[in-house]
Amino acid sequence: MSEAAPLSFETIVSLCKRRGFVFPSSEIYGGMSGFWDYGPLGVEMKNNIKRLWWKSMVQERDDVVGIDAAIIMNPKVWEASGHVATFTDPMIDCRNCKHRFRADHIEGNVCPDCGARDSFTEARAFNLMFKTHVGPVEDSSNEAYLRPETAQAMFVNFDNVVTSMRRKLPFGIAQMGRSFRNEITPGNFIFRDREFEQMEMEYFCKPAEYKQWHDHWLEQRLAWHKKLGVREANLRIREHAQEELSHYSNGTYDIEYNFGSMGWSELEGIASRTDFDLKAHAAASGKALTYFDEEANEHIVPYVIEPAVGVDRTFLTLLYDAYREEEVRGEKRVFLQLSPLVAPIKVAVLPLSRNEKLSPLAREVSSLLRPHFFTQFDDAQSIGRRYRRQDEIGTPYCVTVDFDSLEDNAVTIRDRDEMQQDRVKVPELVDYLREKLSTDA
Ligand code: GAP
């Protein structure tokens, strides 16, 4: 890509649709703004991201445990957390074209849709939580909300986890799952959705230690994004100014990614939430949410550091960062330089042609590989087109079975990035690929 033309979201949206990563939700009915469906390759990549997060945040640490809580919680949770009162965005309407915007996204008082000047209504606070009713009667007594963040379940389960798991400070509770926000202006593909997935962890520590843990988690989380393959030059840390801090935070770092066409944007937030949530839930529920500090011989309310990242936003970042175009022998080649950790398919097995002599060995090779790596067998169309297809979905290695293979029991392995080819004996194939695909995760 030339410096002058940043990669457009349309290019990514089109690749995602064409190759089965992401489709507009309910597309045959015209779609639904802010909702997206992950296709066969999208779900693989998304699961890889979630598995890698869980491994690094829960399974590789002895100070963090996981939970999986209900999406609909007692509505009192959202009153105590401050979401009913303050989880709002300022909304304005253009009197000319009737379109609706977030006031803080408008520049120069000009409508971005119709160009009218000074045509906006006064800003009104719009609560972003989706409402529903629990049970057969629809009245205000059984109103409930779809959770707008996964975090609150960790706070209300604090005592359950401390007691059942005999936890000592510092420790964390992690969760990943769906969240819902009735965003006024969803957009930029899956960057801002109305239904999305979050991966969040609440790390409880002694109040005096919160700064040190804030720095620790910032460092850990930055390293995780790099490990998944995001290029360092496209990541930066931005500290929130006092006036943009959420109602619960006394300090927040954002990890931002440089989405060329959209500019630097939040990928992950690492917030210091103080003791706001535990205190608020203790006051509202009447249940003590404290920790007995044996050293100090007193009950304390822990402080909390929260790394919170979206699955969808991580997915978009990885695709955007991996997209490459180059010219090969006068033709444009598009490939995704995804880390094998996140690539939806690790190996493609391609017989040189759809030939009755080649197919049995090619099928045998793909059965050999499948238990070890997610493998795709493809014998449709020319070999060149099949390589291009695998390049475009980021498959790190293609294994080609040709007529020589029938004689020497060896296959050709082509790597996605350099397009170099290696000849490897079939019995050595699993070990060869394991070494190439290994990224220690
Ligand atoms: N518990 C704190 C919290 O929810 P947030 O900054 O509102 O903080 C955390 O959300 C992360 O969730 C964001 O950094 C982003 O990656 C993701 N996220 C938030 N809103 C989103 C949306 N509407 N669509 C997609 N991802 C979103």
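Every number for a ligand or one of its atoms is a count from 1 in the order of the listing. The structure presented is a predicted model; accordingly, all values stated were derived computationally and were not measured. Hydrogens, waters and symmetry mates are skipped; everything else that's a heavy atom, side chains included, is used.
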Exercise. Are the charged groups of D93 and K98 less than 4.0 angstrom apart, N to O?
Worked result: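 The answer is no: the pair does not qualify as a salt bridge.
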
For this session: Considering only NZ, NE, NH1 and NH2 on the basic side and carboxylate oxygens on the acidic side, decide whether K332 and E325 come within less than 4.0 Å.
Result: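 A salt bridge is present here (some side-chain N lies under 4.0 Å from a carboxylate O).
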
How far is [atom] from the closest protein heavy atom, and which atom is that?
{"atom": "atom 18 (N) of ligand 1", "result": "F196 CE1, 3.6 Å"}
{"atom": "atom 6 (O) of ligand 1", "result": "E266 OE2, 3.1 Å"}
{"atom": "atom 24 (N) of ligand 1", "result": "D193 N, 2.9 Å"}
{"atom": "atom 11 (C) of ligand 1", "result": "A308 O, 3.7 Å"}
{"atom": "atom 25 (C) of ligand 1", "result": "F191 O, 3.2 Å"}

For this session: Kindly indicate, with the supporting measurements, whether the criterion salt bridge (charged side-chain N to carboxylate O under 4.0 Å, His left out) is fulfilled by R178 and E195.
Result: CA-CA 7 Å; R178 302 263 164 172; E195 175 177 345; 2.9 Å; yes

Exercise. What orientation do F259 and F9 show, parallel under 30°, tilted 30 to 60°, or perpendicular over 60°?
Worked result: tilted

Exercise. In terms of ring plane angle, is the pair Y203 and W213 parallel, tilted or perpendicular, where the classes change at 30° and 60°?
Worked result: tilted

Exercise. Is there a nitrogen or oxygen of G310 sitting under 3.5 Å from a nitrogen or oxygen of ligand 1?
Worked result: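 Yes, since at least one N or O of G310 sits under 3.5 Å from an N or O of ligand 1.
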
Exercise. Looking at ligand 1, does any of its N/O atoms fall within less than 3.5 Å of an N/O of I190?
Worked result: no

Applying a strict 4.0 Å limit to heavy atoms, is [X] in contact with ligand 1?
{"X": "F180", "value": "no"}
{"X": "D312", "value": "no"}
{"X": "R273", "value": "yes"}

Exercise. Looking at CG of N160 and CE of M154, how far apart are the two atoms once the value is rounded to the nearest 0.5 Å?
Worked result: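 These two atoms lie 14.0 Å from each other.
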
For this session: Nearest 0.5 Å please: distance from the CD1 atom of I345 over to the OG1 atom of T375.
Result: 9.0 Å

Under 3.5 Å donor-acceptor, [X] side chain and [Y] backbone:
{"X": "R194", "Y": "S33", "result": "yes"}
{"X": "S81", "Y": "W78", "result": "yes"}
{"X": "D254", "Y": "E256", "result": "no"}

Out of all atoms in ligand 1, which are within 4.0 Å of some heavy atom of [X]? Include the element for each.
{"X": "E149", "value": "1 (N), 2 (C), 3 (C), 4 (O)"}
{"X": "E200", "value": "1 (N), 2 (C), 3 (C), 4 (O)"}
{"X": "A151", "value": "1 (N)"}
{"X": "Y248", "value": "2 (C)"}

Which of these, [options], has its nearest heavy atom closest to [atom]?
{"atom": "atom 9 (C) of ligand 1", "options": "Q198, R194, M154", "value": "Q198"}
{"atom": "atom 2 (C) of ligand 1", "options": "E306, R147, E197", "value": "E306"}
{"atom": "atom 20 (N) of ligand 1", "options": "R181, R192, Q152", "value": "R181"}

Problem set entry | Chi angles and distances behind the ring-ring contact (aromatic ring centres under 6.0 Å, His included) call for W36, F189 | CA-CA 9 Å; W36 298 88; F189 191 29; 4.8 Å; yes

For this session: For ligand 1, indicate whether the residue T314 contacts it via side chain, backbone, both or neither (heavy-atom separation under 4.0 Å).
Result: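 Within the 4.0 Å criterion, T314 makes no contact with ligand 1.
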
Seminar exercise, completed: Quick look: E183 vs ligand 1, heavy-atom contacts under 4.0 Å, and the answer is side chain

Problem set entry | Steps toward ring-ring contact (aromatic ring centres under 6.0 Å, His included) verdict (F204, F158) | CA-CA 9 Å; F204 301 93; F158 173 77; 4.8 Å; yes

